[in-house]
Protein chains: 2
Amino acid sequence: MQPSPTAEQDAPSARQQAVLDAVLGLMVEDRDQLTMDAVARRASCSKETLYKWFGDRDGLLTATVRWQASRVHAGYDTAQVLDGATLRERLQDFAVTWLEVITGPTSVALNRIAIAHAGSHKSNLGGIVLANGRFAIGERVKPVLEAGRAVGLLAFADSEAAFRTFFGLVGRDIQIRLLLGEALDLCGDEIRRDADRAVDQFLALYGQVKPEPNHQT
Amino acid sequence: MQPSPTAEQDAPSARQQAVLDAVLGLMVEDRDQLTMDAVARRASCSKETLYKWFGDRDGLLTATVRWQASRVHAGYDTAQVLDGATLRERLQDFAVTWLEVITGPTSVALNRIAIAHAGSHKSNLGGIVLANGRFAIGERVKPVLEAGRAVGLLAFADSEAAFRTFFGLVGRDIQIRLLLGEALDLCGDEIRRDADRAVDQFLALYGQVKPEPNHQT
DNA sequence: GGCGTACCGTACCGTACGGTACGCCCTTTA
DNA sequence: TAAAGGGCGTACCGTACGGTACGGTACGCC
């Protein structure tokens, strides 16, 4: 395997994407059925091709995680004028998106794989998942928070800390419960209510102009 | 969480506890070296005994999780008169304890195992971990919150929801980052500061008498 | 002393899975 | 039409690991 000692960063070909989707499918369906044979069968390709393209099992997993990550990145849509309503809306948007992601079966499966892998030294899927999940959304939210502070809508010293509070208010115990196998499926409505509550609470903590605290379930 | 749904709840004998501790040790050191052979070697017992005592690998894992859970339960210490200072102190106590638990290597390893197991149908370690972690602390915190409400220090409609907010404010992104393999070791001091901040924020959201908001990093 | 029980150590078995080799088909190119 | 190459299917190999069997030892009991 000459051509790429580190890893195939290049966007996978259509056929390769199909393979990676097959991997995702298997992950979601049943994690411990995720064998090279099963992938080859599902993707209708030979194992030899798998090894040629991805090096080894780990490479395949890594490529899959990258592939999934590559299509999560929603477009930015950077700042217009920021008033209280837009700020709130932006934050709600982030919260809803994030909740939808972490409650999705693909995310759950992927995180399980990455966590199972973590600590087992080699090729950290965990790092990739973190970079494209938790940290990616952090980098997208923080500018919004800072813009809010710039126009006097928010007050905080450390945007990272502020974001982490926001993250905690949004996610709470949901992700860990899902990862540990609790059923717990939220419908879109519940997600929206959760996001509302989280944003309300966040603004109550960091907002300069306090809206009357309506929700308080 | 009933103490005995099905199997062998009886407290393990001293020898058996030693075996389970060996399992915990291996888990923490290197998860994928956690083989029946390795356990037998580490615990200086025969595999046959392992199977006799615990049935199969799953039984051993389950017993280990239960064993670890059994020594986490700190004593209650139910309510004295509850004033603002004691309430705050109790909450800080919970927050510190919880952070110490989830940042501990044993917890991380155990959660990784349970998560890896989850979704793989059979014998849910995830359920046990949840019951003795997230839910156990919930059942211990909620009475405190309710006591706080009873004396007018807190205001909320749903103690479960209030607790979940507390949980989110305390844990934020810490557990998922650790599980995914980030280094991130908090010293006792940071944990205490984190707990302080979380309690401040929680009281700011749910407290009736607002203490001046000092921390706001 | 003889016997049963509990347990250690180790050898052994079956299987599942990661990884490799090879034959065949199909498409492309000359 | 022929040669070449990419890729599919399948058979195969080595090994690691869950689980079992068996010999050997210590101990308690009749």
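Throughout, a chain's letter reflects where its sequence line sits, starting with A, and its residues are numbered from 1. Side chains are part of it too, since the values below use all heavy atoms of this structure and drop only hydrogens, waters and symmetry mates.
- Residue Lys47(A) has its side chain nearest to dG19(C) when only dG18(D), dG19(C), dC8(C) are considered.
- As a whole-Å value, the separation of Phe54(A) CZ from dG19(C) P is 14 Å.
- To the nearest angstrom, C1' of dT20(C) lies 7 Å from CD of Glu48(A).
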Problem - Worked check of side chain to side chain contact (heavy atoms under 4.5 Å, CB included) between Ile174(B) and Trp98(B) - result: CA-CA 11 Å; Ile174(B) 295 190; Trp98(B) 182 242; over 6 Å; no
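- Proximity of a side-chain donor or acceptor of Thr97(B) to a complementary backbone N or O of Asp93(B) within less than 3.5 Å is detected.
- In this structure, of dC8(C), dG7(D), dC7(C), it is dG7(D) that holds the atom nearest to the side chain of Thr49(A).
- Gln201(A) and Tyr206(A) share no side-chain donor-acceptor pair at under 3.5 Å.
- The distance between atom CG of Leu50(B) and atom P of dG9(C), rounded to the nearest whole Å, is 12 Å.
- Atom pair Asp37(A):CG and dT10(D):C1' shows a separation of 10 Å (rounding to whole Å applied).
- Base pairing analysis places dG5(D) opposite dC26(C); the two distances defining the Watson-Crick or G-U wobble pair are each below 3.5 Å.
- Across all strands shown, dC30(D) forms a Watson-Crick or G-U wobble pair with dG1(C), both key distances being under 3.5 Å.
- Between the P atom of dC17(D) and the CZ atom of Arg41(B) lies a distance of 9 Å, rounded to the nearest Å.
- Two residues, Ser46(A) and Thr35(A), neighbour DNA chain C, and the one matched to the more 5' nucleotide by heavy-atom proximity is Thr35(A).
- Rounded to whole angstrom, the span from the NZ atom of Lys52(B) across to the C1' atom of dC7(C) amounts to 7 Å.
- Distances shorter than 4.0 Å separate none of the side-chain N or O atoms of Trp53(B) from OP1 or OP2 on dA6(C).
- The separation between Leu34(B) atom CG and dA16(D) atom P is 17 Å, rounded to whole Å.
- Listed nucleotides dG19(C), dC8(D), dG18(D) differ in distance to Met36(B); the shortest reach to its side chain belongs to dG18(D).
- Under the Watson-Crick or G-U wobble criterion, with both distances below 3.5 Å, dC13(D) is paired with dG18(C).
- The shortest distance between side-chain heavy atoms of Leu178(B) and Asn111(B) does not fall below 4.5 Å.
- Here Arg15(B) lies in heavy-atom contact (under 4.0 Å) with sugar-phosphate atoms only.
- Checking dC7(C), dG7(D), dG19(D) against every side-chain atom of Asp56(B), the shortest atom distance belongs to dG19(D).
- Among dG18(C), dG9(D), dG19(D), the nucleotide with an atom closest to any side-chain atom of Ser44(A) is dG9(D).
- Side-chain proximity of Arg57(A) to the nucleotides dG19(D), dG18(C), dA21(C) is greatest for dG18(C).
- Closest to the side chain of Tyr51(B), out of dA21(C), dT20(D), dA21(D), is dT20(D).
- Between Arg134(A) and Phe163(A), the closest side-chain pair of non-hydrogen atoms falls below 4.5 Å.
- Trp53(A) places a side-chain heavy atom less than 4.5 Å from the side chain of Arg15(A).
- The nearest whole Å value for the distance from the CG atom in Asp58(B) to the C1' atom in dG18(D) is 12 Å.
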